[in-house]
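Predicted model, so just to flag it, every value in this text is computed and none were measured. Chain identifiers are assigned alphabetically (A, B, ...) following the order of the sequence lines, protein sequences preceding nucleic acid strands; residue numbering begins at 1 within each chain.
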Amino acid sequence: MESNFIYEAIEEDLRNGVYDKVQTRFPPEPNGYLHIGHAKAICIDFGAAEKFGGVCNLRLDDTNPTKEDEEYVEAIMEDIKWLGFKWGKVLYASDYFDQIHECAIKLIKKGLAYVDELSADEIREYRGTLTEPGKESPYRNRPVEESLDLFMRMTNGEFENGKMVLRAKIDMASPNLNMRDPVIYRILHARHHRTGDKWCVYPMYDFAHPISDTLEGVTHSLCSLEFEDHRPLYNWVLEALEFPKPSRQIEFARLNLNYTLTSKRKCLRLVNEKIVSGWDDPRMSTISGMRRRGYTPEAIRDFCERIGVSKANSVVDFALLEHCVRADLNKKATRAMAVLKPVKVIIENYPEDQTEEVFIEVNPELENSPVRPVPFSREIYIEEDDFMIDPPKKYFRLSPGAEVRLKGAYIIKCTSYETDENGKVTIIRCTYDSQSKGGNAPDGRKIKGTLHWVSAKHAIDAQVNLYDRLFTVPNPSDESDGKNLLDYINKDSLVVLNNCKLEPYLKDAKLGESFQFLRLGYFCLDKDSTEDKLIFNRTVSLKDSWAKISSKEENKNA
RNA sequence: UGCGGGAUGGUGUAAGGGUAGCACAAAUGACUCUGACUCAUUGUGUGAGGGUUCGAAUCCUUCUCCCGCAGCCA
């Protein structure tokens, strides 16, 4: 594991005896699904604990019952486990509500917090602006006893939402807005998914988080950059409460990935407006979406390792993620043959009723890769794109008079073809070199092109979903020119192919298994697949240098 | 015009006074029963100006630009 500025800071704390162990936490709010940005945070939080032999707890940050729900907790845990991380304990900020409440009372008694009866609007007005100081609330200096009494009555549910709040008494003239007497408790008559109706006051993040961290024994509380301004408050809370071993907050830049969205609000919109099929749509950058797409935990973790950790805002190239996925799958995926856009080839000199087995490697990346049988017969399917009537230069696939090798089988030569009224090729007629079984020419002649194929009478039918990036622009969050994410949806982000022909081996594919469909890409079974209707998802295509060459040639001719 | 951060090739990230490196991307070539993989090669960078120093991405200084902050959200 490579180091970074956070791990260096931790090492320094250990050296200086600030802490004698390392403990971290991953604190998602249970109000949505985890996405690739969370994956980075997870790798950093759990990675820090792992690196220093400490523990990382999962803590659900559930201080706002109006936004959170148990339904997300299960999904969050599944995603973390799937990524391959193990937490120490599962905790909830709500586990600490009693203690946090006591902390609030302690602050009031110390004269460091007061109940304010200003309305939300008034509080905003009194806060001042970025350049002007705020002014003190008229309730700011009310007697401790009065605040204490009011806070207890707030707690007992005597007041309606918004009637009053508990505020820390810090400095209304602070240049840091967060220090201008921040609200630390508000009245919320709402049922909490864990504590039920026990509470009608709930602590704010800024108050609950440092207390939860420290109570739990967290040494290093790692979070994203937008909390940098909150750190003075984080430290103030812990100092005011006189905790002997306060946690230390360190911030890092969150992940941005081009062509993708990592805003919960916007992802929710995609789901609600049915732009995608759900949170686990394979085009989503959610962990569950990537899982369904066929991305592996190893690839995602490798990606998080490679992007590094820093404090500079940046946008990582989606191509890096794809590279990590391909690199991992290349090592693991069993090779198989599937024809997505089939066109029939009839090998005229091959015996009508004959079937034989040919063999292809399970995975050439494996040392001494085992082989497995594939049935071959007189009629096969090949890919539409692998035949051209009038091929351009450098095209070494099939065309009239040309020879190609059928992967693992025979060398064939195109003798003729048939087309329909639209000029579309319907049947290709070939002869095969019976001496070339396995794919080697008896006279040693070089055959440049090798095609994948599927025996027509052995083929099984399947639906294949071709996924591509969901957005047409690198930054779908860009709302200048009055546009929004809906304007950037890639119409071709899902192409469903219903007439795909697979070799029979694929009938036994299992959920979670990855295959390389030879010359096409990596694919996995979709969770909606059934015995009667096989559905495969394309995880990522193979790199295609022919596509580059041919499009370049086209540009030249244009 | 407040406070807090940040700036290194196209992208991301190292170098902590001593040869600006790595990865992805791009390009070229080799290899190839996957136009994949692999291998080789190439180009492109320290935001700007001043200073300290034998020597500066790194230290000092001035400036520029970018990001975040005015929820009873997290």
Under 3.5 Å, is there an N or O donor on one side and an acceptor on the other linking the side chain of A:Arg306 and the base of B:rU13?
no

So, A:Thr155 versus A:His101: side-chain donor-acceptor pair below 3.5 Å or not?
yes

In whole angstrom, give me the gap between the C1' atoms of B:rU42 and B:rG5.
37 Å

Between A:Glu29 and A:Asn31, a side-chain donor and acceptor under 3.5 Å
yes

Check for a donor-acceptor pair, side chain of A:His193 on one end and backbone N or O of A:Glu71 on the other, with a separation under 3.5 Å.
no

Taking B:rA36, B:rC72, B:rC69 as options, the one with an atom nearest any side-chain atom of A:Glu365 is B:rA36

Go through residues 253-266 of chain A and report each residue with a non-hydrogen atom lying under 4.0 Å from RNA chain B, sorted by number.
none

Nearest atoms (heavy-atom pairs only) where A:Arg301 meets A:Cys43:
CG-SG, 4.2 Å

Taking N and O atoms by type only, does the side chain of A:Glu226 place a donor or acceptor under 3.5 Å from a partner on the base of B:rG5?
no

Pick out which of A:Val115, A:Leu107, A:Asp181 makes a side-chain contact (heavy atoms from CB on, under 4.5 Å) with A:Arg167.
A:Asp181

Any idea which heavy atoms bring A:Gln516 and A:Ala333 closest together, and the distance?
N-CB, 3.7 Å

Verify ring-ring contact (aromatic ring centres under 6.0 Å, His included) between A:Phe5 and A:Phe252, making sure each step is shown before the conclusion.
CA-CA 9 Å; A:Phe5 78 96; A:Phe252 60 88; 7.9 Å; no

Please report the distance separating the P of B:rA14 from the corresponding atom of B:rG47, rounded so that it comes out in whole Å.
15 Å

Parsed dot-bracket for RNA chain B after applying the Watson-Crick and G-U rules with both distances under 3.5 Å and | for other-strand partners is .((((((..((((....[..)))).(((((.......)))))....(((((..]....))))))))))).....

